[in-house]
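A short write-up of the structure that comes next.
Lettering of chains follows the sequences in order, A, B, ..., and the numbering in each one begins at 1. In what follows, every heavy atom counts, from backbone to side chain, and hydrogens, waters and symmetry copies are set aside. Remember, predicted model here, so these are calculated numbers, not experimental data.
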Amino acid sequence: MVTVSMEIQILVASLLFVIGLVGFLVRRNIIFMLMSIEIMLNSAALVFIIAGSHWMQADGQVMFIFILAVSAAEVSVGLALILQMYHHFKTLDADALNKLRDEKTKPNQ
Amino acid sequence: MTYLIGLIPALPLLGFLILALAGKLLPKKAVAFIGVGSVSLSALITIYVGWHYLSDLKEGNDITATIYTWVSAGTFTADISFVLDSLSLVFCFVITFVGALIHLYSVEFMRHEDGFSRYFAYMNLFVGSMLILVLAGNLLLLYFGWEGVGLCSYLLISFWYKVPEFGYAGRKAFIVTRIGDTAMLIGLFLLFVSFGTMDIKELMQGVADKWNQGSPLAVISALLLLGGAIGKSAQLPLQTWLPDAMAGPSPVSALIHAATMVTAGVYLIARTHVLFSLSPLVMHIVAIIGALTLLLAGFSALAQTDLKRVLAYSTISQIGYMFLAMGIGAWSAAIFHFMIHAFFKALLFLSGGAVIHLLNDEHDIFKMGGLRKKMPVVFITFLIGGASLSALPLITAGFYSKDQILWFGWSAVGSTPWLWLAGIIGALVTSIYTFRLIFITFFGETGPEPEHKAGAFINIPIITLAVLSLAGGFIEMPENMAPVQVFSGFLHKIFPAISLADEAHSELIFQFLSAVVSLTGIWIAFRFFNRESAFGSSFRNSRLNNFFLAGWGFDRIYDVLFVKPVVWLSQIDQKDIIDLIYKYIAAGTTFFHLLISKTQNGKLRWYALAFSVGIVLLLAFMILL
């Protein structure tokens with residue numbers, strides 16, 4: 001079995017997180033954004049696994065199961081919201097949903 | 001008796017009330033009847049009261065009539081109370097008697113004017129205020145009358161309010177006198193703080209008891225009161241309003257110059273003479289102001305071409321004589337000159353006003369001329385008034401009153417030869433400008449034809465005043481001529497006797513001198529200021545003439561010193577400079593608000609970016625530090 005040093009492991013997790021973050025920032029499609037969030041969540045979960053295997057503790061794997069459960073729940077809620085959103089606005093573009101912004105000069109168009 | 005005293009000011013005020021409230025509903029005859037009647041009635045009451053007062057004169061008591069308590073707060077009370085003593089009686093007599101004649105004259109003069117009832121309402125208020133002023137038993141009531149007089153002067157000077165210049169003249173009179181009024185008010189406060197009372201008699205008693213000769217408080221309060229007197233009496237340096245006050249109708253000028261308004265300052269100083277006597281410095285200042293003013297105004301009168309402006313400057317000059325007399329302690333001489341001046345100056349304004357009126361509002365004396373034949377009554381009365389003004393010896397009243405001042409100016413302890421010299425030069429100038437006016441107006445080539453004829457209401461007052469201008473002087477003769485000193489005997493209870501310097505000159509020399517000066521002035525006017533004379537016309541084109549014409553440039557100096565800076569400042573402040581600070585604070589806040597609110601754009605990814613950048617920065621911070 002090949003052993004990989006912990007730095008590499010953390011680096012992989014960090015890369016995964018950055019990929020998720022960048023994906024979240026650059027994508028406008030809300031489904032892709034949700035997927036990016038999942039990637040970030042999983043990168044965090046990966047760090048727990050790494051830590052668990054490094055210190056030979058089961059806590060890390062327990063935590064991973066938790067995160068998996070939470071992300072599953074989150075995705076179901078998120079997908080439901082996305083469905084509603086598509087239903088309402090006929091779009092999946094997150095930037096189109098900026099109705100919460102500060103209306104400056106003109107009240108309505 | 002006491003309630004009759006209250007009636008003297010009450011009647012004109014009642015007349016004012018009726019005319020102000022119902023004047024528009026009444027026919028002109030009724031308006032004239034009320035306007036003239038109220039003042040005439042109070043003149044009759046004054047004469048009656050005065051006659052009673054004179055018959056009880058041996059006791060020398062003054063009569064106090066308290067109408068009711070006006071202000072009562074703690075230990076301080078101020079009553080509506082009128083005090084009749086010989087000083088206020090003289091003033092009352094002049095105000096009501098001359099005032100009634102002027103009112104009578106106005107009936108014909110103003111007959112065809114709009115605002116006939118408004119005119120008489122103001123005139124009645126004017127006389128009423130002045131009567132309150134001179135009869136007031138305390139300084140608070142005196143100040144009330146004082147302000148009433150100021151208000152009426154404004155209303156009447158700008159009577160023809162549709163002409164913008166006349167409105168300007170009214171405002172100028174009001175604002176310039178206000179400067180003096182403010183000083184006077186501070187002086188009243190000072191007296192009140194020092195003595196806790198406003199009652200004139202108590203105050204003067206307190207001043208005499210508590211304050212020493214030349215104590216700083218006495219000097220300061222006397223100076224402040226003097227400031228008020230200067231403003232009202234149009235003395236240097238607040239004299240600029242009076243020539244412009246000619247904007248009003250001629251009878252108004254007569255009332256302002258003879259009976260009311262300008263003599264208020266003289267009255268104030270005479271009334272508080274105890275205070276002034278305490279500070280020789282202030283007395284000397286009063287005398288110097290009088291001397292300077294009489295010279296300045298006399299020379300200014302020499303150059304005027306407007307008939308009424310000549311008379312206006314002559315008033316300033318004659319009041320200067322009164323100030324001079326008071327400044328050297330010749331109190332009764334000043335009051336005597338006031339009375340005689342009231343007669344001849346009212347006469348001059350009324351007959352001068354008749355000239356202007358009959359020539360359809362022609363003011364320029366060079367466009368008149370030759371009026372001697374066309375209006376003989378006006379000419380003769382004007383000549384009498386002018387002769388009295390220039391103190392033609394022996395026959396005119398002005399000679400006796402002015403000669404007295406000049407004699408005291410030489411012989412009184414408080415005087416200096418310089419003051420006398422100013423007085424005698426002033427006398428010369430007076431007779432020059434007076435007879436210049438007469439020669440140009442009434443003699444010479446044939447001028448325009450008068451368009452109207454003077455009626456009885458114009459002739460009766462001017463003839464009465466002409467008689468008084470001649471005969472009024474015989475009640476107070478110089479001691480070396482006749483043992484008749486009714487006037488000073490009448491006033492000696494109030495005023496301290498004047499102390500003469502030791503070396504006694506013969507009074508006769510001075511009488512001779514002033515007679516010569518007066519006649520010389522007439523000769524100079526005849527010779528050099530005649531309409532045809534070459535000197536007169538070359539003088540009219542000289543720079544000196546323009547300098548005198550502009551009243552020694554005082555208006556221009558004040559314009560540069562006060563008016564221009566104020567206008568400049570207010571033009572700048574039109575943009576609300578102080579507010580700019582707050583405006584910029586508000587603008588800055590709004591700017592930053594808009595800047596930050598730009599970040600709240602509702603874009604999810606934008607928020608996430610800000611969020612991540614924040615975390616990165618925070619982490620970097622924590623790692624680096």
Take atom [atom1] in [X]; do more than 12 heavy atoms of anything else shown fall under 6.0 Å from it?
| X | atom1 | result |
| --- | --- | --- |
| Asp579(B) | CG | yes |
| Phe76(B) | CZ | yes |
| Phe144(B) | CZ | no |
| Trp606(B) | CH2 | no |
| Lys90(A) | NZ | yes |
| Phe48(A) | CZ | no |

Contacts with chain B made by residues 63-76 of chain A (heavy-atom distance under 4.5 Å), listed by residue number: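 The stretch does not come within 4.5 Å of chain B.
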Residues in residues 10-45 of chain A near chain B [non-hydrogen atoms, under 4.5 Å]: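 Within residues 10-45 of chain A, near chain B: Leu21(A), Phe24(A), Leu25(A), Val26(A), Arg27(A), Arg28(A), Met33(A).
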Residue pairs, two or more places apart or on separate chains, that pass salt bridge (Lys or Arg N to Asp or Glu O under 4.0 Å) and touch residues 143-161 of chain B: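 Listed by first then second residue: Glu147(B)-Arg178(B).
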For Leu238(B), side-chain contact (heavy atoms from CB on, under 4.5 Å) partners two or more places apart: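 Partners of Leu238(B) under the side-chain contact (heavy atoms from CB on, under 4.5 Å) test: Val176(B), Ile179(B), Ile230(B).
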